[in-house]
Trainee: 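My structure is below; once you've seen it, I'll send some questions.
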Number of protein chains: 2
Amino acid sequence: MIDPHGDRAVYRQLADQLRADINSGEYGPGVAIPSEAALMQRYGVARNTVRLAMVMLREEGLVVTHHGRGTFVRDSLPIRRLTSDRYRAALQAVDDGTTPEWPEYRAEAIHQEIPANVRVAELLDIQAGTPVLERRILFLDGSLPQQMSMSYVPLELVTGTPVADPQREPWAGGTVAALASIGVRVTSVRELVRARMPQPDETRSLAVAVGTPMLTVTRTMFAGDRPVEAAVDIIVPGDRGELEYRLDLP
Amino acid sequence: MIDPHGDRAVYRQLADQLRADINSGEYGPGVAIPSEAALMQRYGVARNTVRLAMVMLREEGLVVTHHGRGTFVRDSLPIRRLTSDRYRAALQAVDDGTTPEWPEYRAEAIHQEIPANVRVAELLDIQAGTPVLERRILFLDGSLPQQMSMSYVPLELVTGTPVADPQREPWAGGTVAALASIGVRVTSVRELVRARMPQPDETRSLAVAVGTPMLTVTRTMFAGDRPVEAAVDIIVPGDRGELEYRLDLP
DNA sequence: CAGTGGTCTAGACCACGCT
DNA sequence: GCGTGGTCTAGACCACTGT
(Lines give C-alpha, C1' and ligand atoms only; values in the text may rest on other atoms or scores of the structure.)
Protein backbone atom coordinates (compact mmCIF):
# COMPACT_ATOMS: atom_id res chain seq x y z
CA MET A 1 0.00 0.00 0.00
CA ILE A 2 2.76 2.43 0.96
CA ASP A 3 6.16 2.41 -0.65
CA PRO A 4 8.73 4.05 1.63
CA HIS A 5 11.18 4.30 -1.25
CA GLY A 6 8.75 5.70 -3.79
CA ASP A 7 9.03 9.14 -5.32
CA ARG A 8 6.05 10.38 -3.40
CA ALA A 9 6.63 11.20 0.26
CA VAL A 10 5.31 8.63 2.71
CA TYR A 11 3.01 11.09 4.44
CA ARG A 12 1.54 12.05 1.08
CA GLN A 13 0.94 8.43 0.22
CA LEU A 14 -0.73 7.99 3.56
CA ALA A 15 -2.90 11.04 2.96
CA ASP A 16 -3.75 9.70 -0.52
CA GLN A 17 -4.77 6.40 1.03
CA LEU A 18 -6.98 7.98 3.66
CA ARG A 19 -8.44 10.45 1.17
CA ALA A 20 -9.37 7.59 -1.13
CA ASP A 21 -10.95 5.74 1.79
CA ILE A 22 -12.97 8.80 2.68
CA ASN A 23 -14.09 9.50 -0.87
CA SER A 24 -15.00 5.86 -1.41
CA GLY A 25 -17.24 5.98 1.61
CA GLU A 26 -15.10 3.54 3.59
CA TYR A 27 -15.06 6.22 6.27
CA GLY A 28 -18.34 8.07 6.08
CA PRO A 29 -19.12 11.58 7.34
CA GLY A 30 -18.69 11.88 11.09
CA VAL A 31 -16.90 8.57 11.35
CA ALA A 32 -13.63 8.38 13.27
CA ILE A 33 -10.62 7.39 11.21
CA PRO A 34 -8.00 5.18 12.86
CA SER A 35 -6.02 6.78 15.65
CA GLU A 36 -2.50 8.01 15.09
CA ALA A 37 -1.14 5.08 17.07
CA ALA A 38 -3.09 2.63 14.92
CA LEU A 39 -1.87 4.23 11.71
CA MET A 40 1.73 4.21 12.98
CA GLN A 41 1.51 0.51 13.57
CA ARG A 42 -0.43 -0.40 10.45
CA TYR A 43 1.93 1.41 8.12
CA GLY A 44 5.11 1.20 10.18
CA VAL A 45 5.81 4.93 10.24
CA ALA A 46 6.67 7.50 12.88
CA ARG A 47 4.02 9.54 14.55
CA ASN A 48 5.14 12.78 12.93
CA THR A 49 4.63 11.19 9.53
CA VAL A 50 1.08 10.31 10.43
CA ARG A 51 0.50 13.81 11.72
CA LEU A 52 1.83 15.36 8.53
CA ALA A 53 -0.77 13.39 6.61
CA MET A 54 -3.41 14.73 9.00
CA VAL A 55 -2.29 18.29 8.38
CA MET A 56 -2.88 17.73 4.66
CA LEU A 57 -6.35 16.32 5.16
CA ARG A 58 -7.26 19.12 7.54
CA GLU A 59 -6.05 21.70 5.04
CA GLU A 60 -8.27 20.14 2.42
CA GLY A 61 -11.20 20.36 4.77
CA LEU A 62 -11.69 16.59 4.71
CA VAL A 63 -11.28 15.85 8.41
CA VAL A 64 -11.49 17.60 11.75
CA THR A 65 -9.52 16.63 14.84
CA HIS A 66 -10.84 16.74 18.39
CA HIS A 67 -8.33 16.76 21.20
CA GLY A 68 -8.75 13.69 23.33
CA ARG A 69 -11.43 12.19 21.12
CA GLY A 70 -10.01 11.45 17.72
CA THR A 71 -10.01 12.47 14.10
CA PHE A 72 -13.27 12.45 12.21
CA VAL A 73 -14.39 12.70 8.62
CA ARG A 74 -15.94 16.09 8.28
CA ASP A 75 -19.69 16.21 8.44
CA SER A 76 -21.27 18.21 5.70
CA LEU A 77 -23.28 20.84 7.51
CA PRO A 78 -26.66 21.99 6.36
CA ILE A 79 -26.01 24.69 3.81
CA ARG A 80 -27.97 27.88 4.08
CA ARG A 81 -28.51 29.67 0.83
CA LEU A 82 -28.52 33.43 0.68
CA THR A 83 -30.54 34.47 -2.33
CA SER A 84 -30.44 37.78 -4.12
CA ASP A 85 -34.22 37.50 -4.40
CA ARG A 86 -34.51 38.19 -0.67
CA TYR A 87 -34.03 41.90 -1.32
CA ARG A 88 -36.81 41.93 -3.86
CA ALA A 89 -39.06 39.89 -1.62
CA ALA A 90 -38.51 42.25 1.32
CA LEU A 91 -39.41 45.23 -0.81
CA GLN A 92 -42.47 43.47 -2.18
CA ALA A 93 -43.65 42.65 1.33
CA VAL A 94 -43.31 46.27 2.36
CA ASP A 95 -45.39 47.31 -0.63
CA ASP A 96 -48.00 44.75 0.30
CA GLY A 97 -48.04 45.96 3.88
CA THR A 98 -47.09 42.53 5.18
CA THR A 99 -44.15 41.53 7.35
CA PRO A 100 -41.26 40.46 5.20
CA GLU A 101 -40.20 36.87 5.67
CA TRP A 102 -36.67 36.92 6.91
CA PRO A 103 -34.33 34.16 7.98
CA GLU A 104 -35.30 33.20 11.51
CA TYR A 105 -31.79 33.53 12.88
CA ARG A 106 -31.15 34.67 16.35
CA ALA A 107 -28.96 37.72 15.97
CA GLU A 108 -26.65 39.50 18.33
CA ALA A 109 -26.29 43.12 17.43
CA ILE A 110 -24.03 45.98 18.36
CA HIS A 111 -25.57 49.27 17.38
CA GLN A 112 -23.60 52.51 17.74
CA GLU A 113 -22.86 55.86 16.19
CA ILE A 114 -19.28 56.40 15.05
CA PRO A 115 -17.35 58.44 12.48
CA ALA A 116 -16.93 56.72 9.12
CA ASN A 117 -13.51 55.30 8.38
CA VAL A 118 -11.91 55.74 4.98
CA ARG A 119 -13.18 52.55 3.48
CA VAL A 120 -16.77 53.04 4.57
CA ALA A 121 -16.66 56.68 3.53
CA GLU A 122 -15.56 55.70 0.04
CA LEU A 123 -18.33 53.15 -0.32
CA LEU A 124 -20.96 55.60 0.95
CA ASP A 125 -19.48 58.47 -1.07
CA ILE A 126 -19.16 60.72 1.98
CA GLN A 127 -16.30 62.43 3.78
CA ALA A 128 -14.29 60.27 6.13
CA GLY A 129 -15.29 61.14 9.68
CA THR A 130 -18.92 61.77 8.84
CA PRO A 131 -21.11 60.17 11.53
CA VAL A 132 -22.58 56.82 10.57
CA LEU A 133 -24.68 54.23 12.31
CA GLU A 134 -22.61 51.07 12.72
CA ARG A 135 -24.24 47.71 13.21
CA ARG A 136 -22.26 44.58 13.96
CA ILE A 137 -24.40 41.53 13.72
CA LEU A 138 -23.78 37.88 14.35
CA PHE A 139 -26.41 35.61 12.89
CA LEU A 140 -26.86 32.38 14.75
CA ASP A 141 -28.62 29.25 13.69
CA GLY A 142 -29.19 27.54 17.00
CA SER A 143 -25.81 28.01 18.61
CA LEU A 144 -23.86 27.78 15.35
CA PRO A 145 -22.66 31.13 13.98
CA GLN A 146 -23.94 31.41 10.48
CA GLN A 147 -22.85 34.79 9.30
CA MET A 148 -21.41 37.98 10.68
CA SER A 149 -21.45 41.45 9.25
CA MET A 150 -20.60 45.07 9.86
CA SER A 151 -22.87 47.52 8.13
CA TYR A 152 -23.03 51.29 7.99
CA VAL A 153 -25.77 53.81 7.26
CA PRO A 154 -25.19 57.57 7.08
CA LEU A 155 -26.48 58.85 10.41
CA GLU A 156 -28.00 61.87 8.72
CA LEU A 157 -30.33 59.49 6.91
CA VAL A 158 -31.77 57.82 9.98
CA THR A 159 -31.25 60.14 12.93
CA GLY A 160 -34.48 60.76 14.80
CA THR A 161 -36.24 57.84 13.12
CA PRO A 162 -37.20 54.51 14.66
CA VAL A 163 -34.39 52.91 12.69
CA ALA A 164 -31.82 54.68 14.86
CA ASP A 165 -33.28 53.03 17.95
CA PRO A 166 -31.07 50.24 19.29
CA GLN A 167 -34.15 48.55 20.74
CA ARG A 168 -35.36 47.83 17.23
CA GLU A 169 -32.50 45.42 16.56
CA PRO A 170 -32.46 43.20 14.73
CA TRP A 171 -34.27 44.84 11.87
CA ALA A 172 -37.17 42.70 10.72
CA GLY A 173 -36.94 42.21 6.98
CA GLY A 174 -33.38 43.44 6.85
CA THR A 175 -31.94 46.72 5.74
CA VAL A 176 -34.20 47.04 2.70
CA ALA A 177 -37.37 46.89 4.81
CA ALA A 178 -35.96 49.10 7.57
CA LEU A 179 -34.99 51.81 5.12
CA ALA A 180 -38.31 51.54 3.31
CA SER A 181 -40.08 52.13 6.63
CA ILE A 182 -38.51 55.58 6.82
CA GLY A 183 -39.15 56.39 3.19
CA VAL A 184 -35.81 55.41 1.69
CA ARG A 185 -36.39 53.00 -1.16
CA VAL A 186 -33.44 50.86 -2.19
CA THR A 187 -33.34 50.60 -5.96
CA SER A 188 -30.16 48.65 -6.56
CA VAL A 189 -27.63 46.54 -4.73
CA ARG A 190 -24.01 45.85 -5.59
CA GLU A 191 -22.24 42.92 -4.04
CA LEU A 192 -18.57 42.04 -4.30
CA VAL A 193 -17.75 38.44 -3.43
CA ARG A 194 -14.35 37.18 -2.39
CA ALA A 195 -12.94 34.09 -0.70
CA ARG A 196 -10.21 34.06 1.91
CA MET A 197 -8.98 32.04 4.85
CA PRO A 198 -10.19 32.98 8.32
CA GLN A 199 -8.11 35.10 10.66
CA PRO A 200 -7.18 33.39 13.92
CA ASP A 201 -9.82 35.36 15.84
CA GLU A 202 -12.50 34.51 13.30
CA THR A 203 -11.94 30.79 13.75
CA ARG A 204 -13.03 31.36 17.33
CA SER A 205 -15.90 33.80 16.88
CA LEU A 206 -17.37 31.86 13.98
CA ALA A 207 -16.45 28.45 15.39
CA VAL A 208 -14.96 27.17 12.15
CA ALA A 209 -12.38 24.41 11.80
CA VAL A 210 -9.03 25.27 10.27
CA GLY A 211 -9.17 24.65 6.57
CA THR A 212 -12.57 26.28 6.23
CA PRO A 213 -12.56 29.10 3.70
CA MET A 214 -14.79 32.10 4.15
CA LEU A 215 -17.01 33.82 1.64
CA THR A 216 -16.92 37.55 2.14
CA VAL A 217 -19.36 39.99 0.64
CA THR A 218 -19.01 43.74 0.42
CA ARG A 219 -22.44 45.17 -0.23
CA THR A 220 -23.56 48.63 -1.18
CA MET A 221 -27.22 49.56 -1.38
CA PHE A 222 -28.30 52.48 -3.51
CA ALA A 223 -31.40 54.65 -3.55
CA GLY A 224 -31.11 55.98 -7.07
CA ASP A 225 -27.47 57.00 -7.38
CA ARG A 226 -27.01 57.58 -3.68
CA PRO A 227 -25.36 54.92 -1.53
CA VAL A 228 -27.53 54.44 1.55
CA GLU A 229 -25.89 51.44 3.16
CA ALA A 230 -22.49 49.78 3.07
CA ALA A 231 -21.77 46.38 4.57
CA VAL A 232 -18.05 45.80 4.48
CA ASP A 233 -17.51 42.36 5.86
CA ILE A 234 -20.39 40.04 5.48
CA ILE A 235 -18.64 36.79 6.33
CA VAL A 236 -20.12 33.42 5.62
CA PRO A 237 -18.24 30.23 6.58
CA GLY A 238 -17.79 28.29 3.36
CA ASP A 239 -19.04 25.07 4.92
CA ARG A 240 -22.35 26.56 6.01
CA GLY A 241 -23.46 28.94 3.37
CA GLU A 242 -23.72 29.64 -0.32
CA LEU A 243 -24.86 32.65 -2.30
CA GLU A 244 -27.39 32.60 -5.08
CA TYR A 245 -27.76 35.36 -7.61
CA ARG A 246 -30.50 35.66 -10.17
CA LEU A 247 -29.89 38.08 -12.96
CA ASP A 248 -32.45 39.17 -15.53
CA LEU A 249 -31.18 40.27 -18.89
CA PRO A 250 -33.17 42.73 -20.97
CA MET B 1 9.22 37.73 23.32
CA ILE B 2 8.36 34.06 23.60
CA ASP B 3 7.44 32.44 26.88
CA PRO B 4 8.08 28.68 26.74
CA HIS B 5 5.99 28.18 29.88
CA GLY B 6 3.06 30.32 28.83
CA ASP B 7 -0.41 28.97 28.21
CA ARG B 8 -0.10 29.48 24.50
CA ALA B 9 1.98 26.94 22.62
CA VAL B 10 5.42 28.10 21.59
CA TYR B 11 4.78 27.54 17.89
CA ARG B 12 1.62 29.63 18.15
CA GLN B 13 3.51 32.42 19.87
CA LEU B 14 6.10 32.26 17.13
CA ALA B 15 3.39 32.40 14.48
CA ASP B 16 1.80 35.36 16.31
CA GLN B 17 5.13 37.13 16.32
CA LEU B 18 5.76 36.58 12.61
CA ARG B 19 2.17 37.43 11.74
CA ALA B 20 2.48 40.72 13.59
CA ASP B 21 5.75 41.46 11.80
CA ILE B 22 4.11 40.79 8.47
CA ASN B 23 1.02 42.85 9.20
CA SER B 24 3.10 45.72 10.53
CA GLY B 25 5.05 45.79 7.28
CA GLU B 26 8.30 44.69 8.92
CA TYR B 27 8.32 41.96 6.30
CA GLY B 28 6.66 43.34 3.20
CA PRO B 29 5.05 41.38 0.33
CA GLY B 30 7.53 39.16 -1.47
CA VAL B 31 10.17 39.58 1.23
CA ALA B 32 11.89 36.51 2.65
CA ILE B 33 11.29 35.90 6.33
CA PRO B 34 14.21 34.50 8.39
CA SER B 35 15.21 30.93 7.60
CA GLU B 36 14.17 28.08 9.82
CA ALA B 37 17.72 27.79 11.13
CA ALA B 38 17.77 31.49 12.00
CA LEU B 39 14.45 31.27 13.82
CA MET B 40 15.59 28.18 15.72
CA GLN B 41 18.60 30.06 16.99
CA ARG B 42 16.88 33.36 17.65
CA TYR B 43 14.10 31.83 19.72
CA GLY B 44 15.92 28.76 21.01
CA VAL B 45 13.39 26.22 19.74
CA ALA B 46 13.55 23.00 17.77
CA ARG B 47 13.13 22.97 14.06
CA ASN B 48 9.79 21.18 14.19
CA THR B 49 8.45 23.97 16.34
CA VAL B 50 9.46 26.52 13.74
CA ARG B 51 7.90 24.41 11.02
CA LEU B 52 4.63 24.15 12.93
CA ALA B 53 4.47 27.94 12.98
CA MET B 54 5.07 27.92 9.23
CA VAL B 55 2.21 25.50 8.71
CA MET B 56 -0.08 27.96 10.49
CA LEU B 57 1.04 30.91 8.41
CA ARG B 58 0.69 28.91 5.20
CA GLU B 59 -2.80 27.84 6.18
CA GLU B 60 -3.72 31.46 6.69
CA GLY B 61 -2.39 32.29 3.28
CA LEU B 62 0.17 34.71 4.71
CA VAL B 63 3.35 33.09 3.38
CA VAL B 64 4.48 30.72 0.67
CA THR B 65 7.49 28.42 0.93
CA HIS B 66 9.85 27.60 -1.92
CA HIS B 67 11.99 24.53 -1.59
CA GLY B 68 15.64 25.50 -1.57
CA ARG B 69 14.94 29.22 -1.66
CA GLY B 70 13.13 30.24 1.47
CA THR B 71 9.83 31.38 2.91
CA PHE B 72 8.29 34.55 1.56
CA VAL B 73 5.49 36.87 2.52
CA ARG B 74 2.78 36.29 0.02
CA ASP B 75 2.50 38.76 -2.80
CA SER B 76 -0.96 40.05 -3.40
CA LEU B 77 -1.74 39.21 -6.99
CA PRO B 78 -3.66 41.49 -9.29
CA ILE B 79 -7.33 40.76 -8.76
CA ARG B 80 -9.53 40.27 -11.75
CA ARG B 81 -13.14 41.15 -11.26
CA LEU B 82 -15.88 39.16 -12.92
CA THR B 83 -18.91 41.37 -13.24
CA SER B 84 -22.48 40.30 -13.73
CA ASP B 85 -22.82 43.19 -16.16
CA ARG B 86 -20.69 41.32 -18.65
CA TYR B 87 -23.68 39.22 -19.67
CA ARG B 88 -25.75 42.29 -20.30
CA ALA B 89 -22.91 43.97 -22.19
CA ALA B 90 -22.43 40.94 -24.42
CA LEU B 91 -26.10 40.90 -25.28
CA GLN B 92 -26.11 44.62 -25.95
CA ALA B 93 -23.13 44.28 -28.28
CA VAL B 94 -24.90 41.55 -30.24
CA ASP B 95 -27.93 43.81 -30.60
CA ASP B 96 -25.70 46.62 -31.79
CA GLY B 97 -24.01 44.33 -34.29
CA THR B 98 -20.62 44.95 -32.75
CA THR B 99 -18.14 42.46 -31.37
CA PRO B 100 -18.69 42.03 -27.65
CA GLU B 101 -15.76 43.04 -25.52
CA TRP B 102 -14.60 40.01 -23.67
CA PRO B 103 -11.73 39.43 -21.31
CA GLU B 104 -8.62 39.02 -23.42
CA TYR B 105 -7.59 35.76 -21.82
CA ARG B 106 -5.83 33.10 -23.70
CA ALA B 107 -8.03 30.09 -23.33
CA GLU B 108 -7.40 26.41 -23.76
CA ALA B 109 -10.54 24.56 -24.69
CA ILE B 110 -11.69 20.98 -24.88
CA HIS B 111 -14.80 20.68 -26.97
CA GLN B 112 -16.64 17.37 -27.23
CA GLU B 113 -20.01 15.70 -27.40
CA ILE B 114 -20.90 13.44 -24.48
CA PRO B 115 -23.99 12.16 -22.66
CA ALA B 116 -25.15 14.35 -19.78
CA ASN B 117 -24.39 13.09 -16.30
CA VAL B 118 -26.98 13.26 -13.54
CA ARG B 119 -25.96 16.62 -12.20
CA VAL B 120 -25.81 18.35 -15.56
CA ALA B 121 -29.08 16.73 -16.60
CA GLU B 122 -30.79 18.11 -13.53
CA LEU B 123 -29.51 21.60 -14.13
CA LEU B 124 -30.53 21.51 -17.79
CA ASP B 125 -33.84 19.82 -16.99
CA ILE B 126 -33.20 16.97 -19.43
CA GLN B 127 -32.87 13.20 -19.13
CA ALA B 128 -29.53 11.92 -17.95
CA GLY B 129 -27.68 10.51 -20.94
CA THR B 130 -29.04 13.07 -23.37
CA PRO B 131 -26.20 14.24 -25.63
CA VAL B 132 -24.66 17.55 -24.64
CA LEU B 133 -21.79 19.64 -25.88
CA GLU B 134 -19.13 19.77 -23.19
CA ARG B 135 -16.56 22.54 -23.08
CA ARG B 136 -13.70 22.54 -20.63
CA ILE B 137 -11.92 25.84 -20.64
CA LEU B 138 -8.86 27.11 -18.85
CA PHE B 139 -8.55 30.88 -18.91
CA LEU B 140 -5.00 32.10 -18.73
CA ASP B 141 -3.72 35.54 -17.99
CA GLY B 142 -0.22 35.35 -19.37
CA SER B 143 0.87 32.00 -18.04
CA LEU B 144 -1.10 32.26 -14.80
CA PRO B 145 -4.31 30.22 -14.74
CA GLN B 146 -7.11 32.57 -13.92
CA GLN B 147 -10.22 30.50 -14.07
CA MET B 148 -11.36 27.10 -15.25
CA SER B 149 -14.79 25.86 -16.10
CA MET B 150 -16.82 23.00 -17.48
CA SER B 151 -19.94 24.01 -19.31
CA TYR B 152 -22.69 22.11 -21.06
CA VAL B 153 -25.20 22.96 -23.77
CA PRO B 154 -27.89 20.56 -24.98
CA LEU B 155 -26.52 19.22 -28.26
CA GLU B 156 -29.95 19.40 -29.82
CA LEU B 157 -29.79 23.16 -29.45
CA VAL B 158 -26.56 23.67 -31.35
CA THR B 159 -26.04 20.68 -33.61
CA GLY B 160 -25.41 21.71 -37.19
CA THR B 161 -24.70 25.32 -36.22
CA PRO B 162 -21.36 27.11 -36.21
CA VAL B 163 -21.44 26.95 -32.42
CA ALA B 164 -20.90 23.19 -32.54
CA ASP B 165 -17.69 23.72 -34.49
CA PRO B 166 -14.59 23.11 -32.34
CA GLN B 167 -12.66 25.51 -34.56
CA ARG B 168 -14.76 28.34 -33.21
CA GLU B 169 -13.30 27.99 -29.71
CA PRO B 170 -13.06 30.04 -27.67
CA TRP B 171 -16.40 31.70 -28.19
CA ALA B 172 -15.97 35.42 -28.67
CA GLY B 173 -18.26 37.27 -26.31
CA GLY B 174 -18.89 34.17 -24.26
CA THR B 175 -21.86 31.86 -24.15
CA VAL B 176 -24.43 34.64 -24.29
CA ALA B 177 -23.10 35.95 -27.58
CA ALA B 178 -22.56 32.50 -29.06
CA LEU B 179 -26.11 31.44 -28.31
CA ALA B 180 -27.48 34.73 -29.58
CA SER B 181 -25.68 34.13 -32.89
CA ILE B 182 -27.82 31.03 -33.43
CA GLY B 183 -31.02 32.70 -32.33
CA VAL B 184 -31.12 31.60 -28.69
CA ARG B 185 -31.52 34.65 -26.51
CA VAL B 186 -30.52 34.26 -22.88
CA THR B 187 -33.01 36.08 -20.68
CA SER B 188 -31.81 35.21 -17.21
CA VAL B 189 -28.82 33.77 -15.41
CA ARG B 190 -28.63 32.02 -12.07
CA GLU B 191 -25.34 31.72 -10.28
CA LEU B 192 -24.60 29.76 -7.13
CA VAL B 193 -21.41 30.80 -5.37
CA ARG B 194 -19.50 28.64 -2.93
CA ALA B 195 -16.05 28.58 -1.39
CA ARG B 196 -13.96 25.49 -0.82
CA MET B 197 -10.37 24.38 -0.57
CA PRO B 198 -8.64 23.11 -3.71
CA GLN B 199 -8.30 19.43 -4.45
CA PRO B 200 -4.72 18.18 -4.73
CA ASP B 201 -4.93 18.09 -8.53
CA GLU B 202 -6.35 21.59 -8.69
CA THR B 203 -3.41 23.04 -6.83
CA ARG B 204 -1.35 21.81 -9.76
CA SER B 205 -3.58 22.71 -12.70
CA LEU B 206 -4.40 26.14 -11.32
CA ALA B 207 -0.95 26.69 -9.82
CA VAL B 208 -2.23 27.84 -6.44
CA ALA B 209 -0.37 27.68 -3.15
CA VAL B 210 -1.80 25.59 -0.35
CA GLY B 211 -4.00 27.77 1.80
CA THR B 212 -5.65 29.41 -1.20
CA PRO B 213 -9.41 29.00 -1.15
CA MET B 214 -11.37 28.72 -4.36
CA LEU B 215 -14.53 30.48 -5.41
CA THR B 216 -16.77 28.14 -7.33
CA VAL B 217 -19.74 29.17 -9.39
CA THR B 218 -22.48 26.96 -10.73
CA ARG B 219 -24.21 28.87 -13.48
CA THR B 220 -27.39 28.16 -15.34
CA MET B 221 -28.51 30.27 -18.28
CA PHE B 222 -32.13 30.40 -19.25
CA ALA B 223 -33.93 31.37 -22.41
CA GLY B 224 -37.34 32.07 -20.95
CA ASP B 225 -37.95 29.10 -18.67
CA ARG B 226 -35.71 26.77 -20.57
CA PRO B 227 -32.17 26.09 -19.31
CA VAL B 228 -29.85 26.43 -22.28
CA GLU B 229 -26.46 26.22 -20.61
CA ALA B 230 -25.08 24.82 -17.37
CA ALA B 231 -21.59 25.52 -16.11
CA VAL B 232 -20.94 23.29 -13.14
CA ASP B 233 -17.52 24.19 -11.91
CA ILE B 234 -16.40 27.66 -12.71
CA ILE B 235 -13.40 27.82 -10.43
CA VAL B 236 -11.66 31.05 -9.56
CA PRO B 237 -8.62 31.04 -7.25
CA GLY B 238 -9.52 33.27 -4.34
CA ASP B 239 -6.27 35.21 -4.54
CA ARG B 240 -6.78 36.18 -8.17
CA GLY B 241 -10.43 36.86 -8.67
CA GLU B 242 -13.55 38.37 -7.22
CA LEU B 243 -17.15 38.40 -8.37
CA GLU B 244 -19.31 41.47 -8.67
CA TYR B 245 -23.06 41.35 -8.86
CA ARG B 246 -25.34 44.27 -9.60
CA LEU B 247 -28.98 43.80 -8.79
CA ASP B 248 -31.78 46.15 -9.75
CA LEU B 249 -34.86 46.21 -7.56
CA PRO B 250 -38.22 47.17 -9.00
C1' DC C 1 29.53 24.26 -2.69
C1' DA C 2 26.59 26.26 1.16
C1' DG C 3 22.09 27.32 2.51
C1' DT C 4 17.40 26.55 2.09
C1' DG C 5 13.13 23.90 2.98
C1' DG C 6 11.24 18.71 2.71
C1' DT C 7 10.95 14.37 4.94
C1' DC C 8 11.46 11.03 8.59
C1' DT C 9 12.60 8.89 13.02
C1' DA C 10 12.36 7.96 18.20
C1' DG C 11 11.19 9.46 22.18
C1' DA C 12 9.10 12.46 25.79
C1' DC C 13 5.54 14.90 28.39
C1' DC C 14 1.09 17.22 28.40
C1' DA C 15 -4.07 18.18 27.98
C1' DC C 16 -8.42 16.53 26.95
C1' DG C 17 -12.59 13.34 27.08
C1' DC C 18 -14.57 9.40 28.31
C1' DT C 19 -15.80 5.51 31.38
C1' DG D 1 -7.06 5.21 34.15
C1' DC D 2 -6.55 4.92 29.52
C1' DG D 3 -6.66 6.30 24.86
C1' DT D 4 -6.84 10.24 22.18
C1' DG D 5 -4.58 14.22 19.89
C1' DG D 6 -1.24 18.46 21.09
C1' DT D 7 3.35 19.97 21.78
C1' DC D 8 8.32 19.73 21.77
C1' DT D 9 13.04 18.03 21.30
C1' DA D 10 17.36 16.25 18.81
C1' DG D 11 19.09 14.43 15.21
C1' DA D 12 19.43 12.55 10.47
C1' DC D 13 19.34 12.51 5.45
C1' DC D 14 17.40 14.31 1.16
C1' DA D 15 16.18 17.67 -2.70
C1' DC D 16 16.21 22.03 -4.54
C1' DT D 17 18.36 26.73 -5.61
C1' DG D 18 21.72 29.67 -5.86
C1' DT D 19 26.80 31.12 -6.46
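Proteins come first, then strands; the chains are lettered A, B, ... in the order of their sequence lines, and each starts at number 1.
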Trainee: Nearest nucleotide by nearest heavy atom, which residue falls closer to the 5' end of DNA chain C, B/Arg58 or A/Val45?
Mentor: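 Looking at DNA chain C, the more 5' nearest nucleotide goes with B/Arg58.
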Trainee: May I have the distance from B/Met40 (atom CE) to C/dG3 (atom P), rounded to whole angstrom?
Mentor: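 My rounded result for the distance is 15 Å.
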Trainee: How many angstroms lie between CD in A/Gln199 and CG in B/Leu62, if you round to the nearest 0.5 Å?
Mentor: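 The CD atom of A/Gln199 sits 7.5 Å away from the CG atom of B/Leu62.
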Trainee: With distance as the sole criterion, is a donor-acceptor pair present between the side chains of B/Ser76 and B/Arg240 under 3.5 Å?
Mentor: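 Checked: B/Ser76/B/Arg240 side chains show no N/O donor-acceptor pair below 3.5 Å.
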Trainee: Take atom CZ of A/Arg69 and atom P of C/dT19, then tell me their distance rounded to the nearest Å.
Mentor: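 Taking atom P of C/dT19 as the reference, CZ of A/Arg69 is at 11 Å.
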Trainee: For a quick check, tell me whether the side chain of A/Arg47 and the base of D/dT7 share a donor-acceptor pair closer than 3.5 Å.
Mentor: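 It does, because a donor-acceptor pair links the side chain of A/Arg47 to the base of D/dT7 below 3.5 Å.
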Trainee: Which class fits the ring pair B/His66 and B/Phe72: parallel under 30°, tilted 30 to 60°, perpendicular over 60°?
Mentor: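 Tilted.
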Trainee: May I ask you to evaluate whether A/Arg12 reaches the phosphate of C/dT7, defined as a side-chain N or O under 4.0 Å from OP1 or OP2?
Mentor: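 So the side-chain polar atoms of A/Arg12 do come within 4.0 Å of the phosphate oxygens OP1 or OP2 of C/dT7, strictly under.
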Trainee: Take atom CG of A/Leu52 and atom P of C/dA10, then tell me their distance rounded to the nearest Å.
Mentor: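 Result: 15 Å.
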Trainee: Would you kindly give the CG-to-C1' distance between B/Leu39 and C/dG3, to the nearest whole Å?
Mentor: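 Computing the B/Leu39:CG to C/dG3:C1' distance gives 14 Å.
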Trainee: Between B/Tyr245 and A/Arg246, is any side-chain donor less than 3.5 angstrom from a side-chain acceptor?
Mentor: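 Not at all, the side chains of B/Tyr245 and A/Arg246 share no donor-acceptor pair under 3.5 Å.
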Trainee: Between B/Thr49 and D/dT9, is there a contact of a side-chain N or O with OP1 or OP2 at under 4.0 Å?
Mentor: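 Yes, B/Thr49 has a side-chain N/O under 4.0 Å of OP1/OP2 on D/dT9.
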Trainee: Would you kindly compare B/Asn48 and A/Arg51 by the position of their nearest DNA chain D nucleotide and give the one closer to the 5′ end?
Mentor: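 First, find each residue's nearest nucleotide; the 5'-ward one identifies A/Arg51.
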Trainee: Going from CD on B/Glu191 to CG on B/Leu243, what distance comes out if it is rounded to the nearest 0.5 angstrom?
Mentor: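 With rounding to 0.5 Å, CD (B/Glu191) is 7.5 Å from CG (B/Leu243).
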Trainee: According to a strict under-4.0 Å criterion, is B/Thr71 in side-chain N/O contact with OP1 or OP2 of C/dG5?
Mentor: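 So the side chain of B/Thr71 is within the cut-off, an N or O lying under 4.0 Å from OP1 or OP2 of C/dG5.
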Trainee: Could you give the CZ-to-C1' distance, from A/Arg8 to C/dG6, as a whole number of Å?
Mentor: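 After rounding, the gap between these two atoms is 13 Å.
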Trainee: Measure the distance from CE on B/Met56 to P on D/dG6 and round it to the nearest whole Å.
Mentor: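 For the pair B/Met56 CE and D/dG6 P, the rounded distance is 13 Å.
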Trainee: For A/His5 and D/dC14, what is the distance between atoms NE2 and P respectively, to the nearest whole Å?
Mentor: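 These atoms are roughly 12 Å apart.
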Trainee: Is the distance from OP1 or OP2 of D/dG3 to the nearest side-chain N or O of A/Ser35 less than 4.0 Å?
Mentor: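 Negative; the distance criterion is not met.
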Trainee: Does OP1 or OP2 of C/dT4 have a side-chain N or O of B/Thr65 closer than 4.0 Å?
Mentor: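 So the side-chain polar atoms of B/Thr65 never come under 4.0 Å of the phosphate oxygens OP1 or OP2 of C/dT4.
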Trainee: Heavy-atom nearest nucleotide on DNA chain C for B/Glu36 versus A/Val10: which residue maps closer to 5'?
Mentor: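 Upstream on the strand: B/Glu36.
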Trainee: What integer distance in Å separates A/His66:NE2 from C/dG17:C1'?
Mentor: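 Whole-Å distance recorded here is 12 Å.
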Trainee: When you compare the ring of B/His67 with the six-membered ring of C/dG6's base, are the centres less than 5.5 Å apart and the planes under 30° from each other?
Mentor: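 No, B/His67 does not stack on the base of C/dG6.
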